[in-house]
J.: 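One structure, pasted below without further comment.
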Amino acid sequence: MSLFDFIQGKVDYVCPEYIVIENQGIGYQIITPNPFVYAGKLHTEVKVYIYHYMRAEMMALYGFSSRAEKMMFEKLLTVSGIGPKGALGILSAGSPEQIVQAIENEDEAFLRRFPGVGKKTARQMILDLKGKLKDVIAGISPEKWQVAAAETVAGGNDRELEEALLALKTLGYTDKEIHTVLPELKKEQMTTEQYIKKALRTLAK
């Protein structure tokens, strides 16, 4: 069980690996699925749901935008062969709603779209988690289920691309500059972080 439920404070710093939330003079380094989602919220107050990971070799705080996302992370950690890095990669590419639907529907093909998930891991996710996600399901609104159903069928990554474009604007790029790389970004389905990295590489040429 996680030691903390959430941290509420101002976004002080954002980088590709983590964000820093300042609360009462203390900066908490928090690893999140898509750190650049917070790029547009610098110096504003946010609530981040926390999972405190403790092992002999490391301690880390993992943060999530919703309690359902945090619970999905905890469930993924119970799957044989999936650690924090793997669980984070899955959540960086899909919402809890999409993951739950794919598991309950035994949709191995959809699960294999996630980073680091091959046929064996997809099958293990279904074996370990199907029928055991009621608490995650309870925390998801009907509206999100409808969106997830459409995204699961279409396989679209519109949300990730929109978040990446917002992050680029926050980093100081103009609409004209962003427009020049948009056709290249639309060619692939990626996570928010991957879209941003690709855009930055393209803009630097």
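Position 1 is the first residue of the sequence; numbering continues from there. Since this is a predicted model, take the numbers as computed values, not measurements.
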J.: Between V20 and Y28, is there a side-chain heavy-atom distance shorter than 4.5 Å?
T.: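 Y28 vs V20: side chains apart.
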J.: Mark yes when over 12 heavy atoms from residues, nucleotides or ligands other than K130 sit less than 6.0 Å from its NZ; otherwise mark no.
T.: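 Yes, the 6.0 Å shell around NZ holds more than 12 heavy atoms from other groups.
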J.: If I compare all heavy atoms of P84 with all of Y62, which pair ends up nearest, and what's the gap?
T.: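 Looking at all heavy atoms of both residues, the shortest contact is CB-OH, 3.3 Å.
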J.: Against I82, only a single residue in D128, I90, V117 fulfils side chain to side chain contact (heavy atoms under 4.5 Å, CB included); can you say which?
T.: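 Per the side chain to side chain contact (heavy atoms under 4.5 Å, CB included) rule, the option paired with I82 is I90, out of D128, I90, V117.
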J.: Is Y195 reachable from V14 through a run of I, L, V, M, F, W or Y residues, each pair having side-chain heavy atoms under 4.5 Å apart?
T.: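 Shared cluster, yes.
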J.: Could you go through the side-chain contact (heavy atoms from CB on, under 4.5 Å) check for Y18 and Y13 one step at a time?
T.: CA-CA 8 Å; Y18 60 85; Y13 179 72; 4.0 Å; yes
J.: For residues T78 and L129, determine if any side-chain heavy atom of one lies less than 4.5 Å from a side-chain heavy atom of the other.
T.: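 With C-beta onward as the side chain, the pair touches.
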J.: Applying side-chain contact (heavy atoms from CB on, under 4.5 Å) to E104 and I126, what does each step give before you reach the verdict?
T.: CA-CA 7 Å; E104 295 300 327; I126 294 168; over 6 Å; no
J.: Counting only N and O atoms by type, is there a donor-acceptor contact under 3.5 Å from the side chain of K198 to the main-chain atoms of M190?
T.: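 Checked: no pair found.
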J.: Shared ILVMFWY cluster between V136 and L76, side chains joined below 4.5 angstrom?
T.: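 V136 and L76: one cluster.
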J.: With clusters defined by side-chain heavy atoms of hydrophobic residues (ILVMFWY) lying less than 4.5 Å apart, directly or transitively, does I19 cluster with V46?
T.: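 Linked, V46 and I19 end up in one cluster.
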J.: Return the CD1 to NZ distance between I103 and K132, rounded to the nearest 0.5 Å.
T.: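 The CD1 atom of I103 sits 11.0 Å away from the NZ atom of K132.
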J.: I want to check something: taking the side chain as every heavy atom from C-beta on, are K10 and T44 in contact at a cut-off of under 4.5 Å?
T.: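 No; the side chains remain at least 4.5 Å from each other.
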J.: Starting at CZ of R123, measure out to CZ of R112 and round the result to the nearest 0.5 Å.
T.: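 Here the rounded value is 10.5 Å.
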J.: Are P35 and E193 packed together at the side-chain level, in the sense that at least one heavy-atom pair is separated by less than 4.5 angstrom?
T.: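 P35 reaches E193 side chain to side chain.
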J.: Please check if the side chain of N23 supplies one atom and the backbone of Q8 the other of a donor-acceptor pair under 3.5 Å.
T.: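 Checking the backbone N and O of Q8 against the side chain of N23, a donor-acceptor pair under 3.5 Å is found.
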J.: How close do S92 and N34 get, heavy atom to heavy atom, and via which atoms?
T.: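 Residues S92 and N34, closest heavy atoms: O-ND2, 3.2 Å.
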J.: Using a 4.5 Å cut-off on heavy atoms from C-beta on, say whether the side chain of L77 contacts that of E74.
T.: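 No. Closest side-chain heavy atoms not under 4.5 Å.
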J.: Given 3.5 Å as the limit, does a donor-acceptor pair link the side chain of Q194 with the main chain of T191, or not?
T.: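 Yes; judged by distance alone, with no hydrogens or angles, the pair exists.
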J.: Does the pair M59 and Y53 meet the rule for a side-chain contact (heavy atoms from CB on, under 4.5 Å), with working shown?
T.: CA-CA 6 Å; M59 286 176 46; Y53 183 80; over 6 Å; no
J.: Output, in order, the C-alpha distance, side-chain angles, deciding distance and verdict of salt bridge (charged side-chain N to carboxylate O under 4.0 Å, His left out) for E108 and K119.
T.: CA-CA 7 Å; E108 287 188 36; K119 186 174 182 178; 5.6 Å; no
J.: Is a donor on one side and an acceptor on the other found under 3.5 Å between the side chain of D12 and the backbone of I21?
T.: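 Not confirmed, D12 side chain does not pair with I21 backbone.
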J.: Starting at CE of M71, measure out to NZ of K134 and round the result to the nearest 0.5 Å.
T.: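 Those atoms lie 14.5 Å apart.
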J.: Would you kindly confirm whether L42 and Y38 end up in one hydrophobic cluster when ILVMFWY residues are joined by side chain heavy atoms under 4.5 Å apart?
T.: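 Looking at the clustering, Y38 is in the same group as L42.
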J.: Carefully, step by step, assess M54 and H52 under the rule side-chain contact (heavy atoms from CB on, under 4.5 Å).
T.: CA-CA 6 Å; M54 296 180 66; H52 188 201; 3.5 Å; yes
J.: Quick check: closest heavy atoms across K75 and D135, and the distance to 0.1 Å?
T.: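 Taking K75 first and D135 second, the nearest heavy atoms are CE-OD1, 3.3 Å.
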J.: Do you reckon L203 sits in the same ILVMFWY cluster as I178, going by side-chain contacts under 4.5 Å, direct or chained?
T.: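 L203 clusters together with I178.
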J.: Between A93 and Q98, which heavy-atom pair has the shortest distance, and what is it?
T.: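 Shortest heavy-atom separation between A93 and Q98 comes out as O-OE1, 4.4 Å.
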J.: Is the Lys NZ or Arg CZ of K70 less than 6.0 Å from the centre of F73's six-membered ring, within 45° of the axis?
T.: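 The answer is no, since K70 fails at least one limit relative to F73.
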J.: Could you tell me the separation between the CG atom of L111 and the CD atom of Q101, rounded to the nearest 0.5 Å?
T.: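 Taking CG in L111 and CD in Q101, the distance rounds to 11.5 Å.
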J.: Once rounded to the nearest 0.5 Å, what's the spacing between atom CD1 of I50 and atom CG of D5?
T.: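 Interatomic distance, I50 CD1 to D5 CG, rounded to 0.5 Å: 9.5 Å.
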J.: Would you please indicate if the ring centroids of F64 and Y51 are separated by under 6.0 Å?
T.: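 Judged by ring-centre distance (under 6.0 Å), F64 and Y51 do not meet the cut-off.
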J.: Indicate the atoms forming the closest heavy-atom contact of G63 with P33, along with that distance.
T.: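 Nearest heavy atoms, G63 then P33: O-CD, 3.3 Å.
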J.: Do the non-hydrogen side-chain atoms of K197 and T202 ever get within less than 4.5 Å of each other?
T.: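 Result no, sub-4.5 Å side-chain heavy-atom pair not found.
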J.: Which atom pair, heavy atoms only, marks the closest approach of I99 to G94?
T.: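 Smallest heavy-atom distance, with atoms named: CD1-O, 4.0 Å.
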J.: Quick one: is the NZ or CZ of K47 closer than 6.0 Å to the six-membered ring centre of F6, and within 45° of its axis?
T.: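 Flagged: K47 positioned over aromatic ring of F6.
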J.: In the structure I gave you, are the side-chain heavy atoms of L91 and E69 within less than 4.5 Å of one another anywhere?
T.: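 Answer yes - side chains close enough.
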J.: Side chains of S95 and E97: is there a donor and an acceptor less than 3.5 Å apart?
T.: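 Yes, side-chain donor-acceptor contact under 3.5 Å.
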J.: Any chance you could measure M125, atom CE, to D107, atom CG, to the nearest 0.5 Å?
T.: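 With rounding to 0.5 Å, CE (M125) is 11.0 Å from CG (D107).
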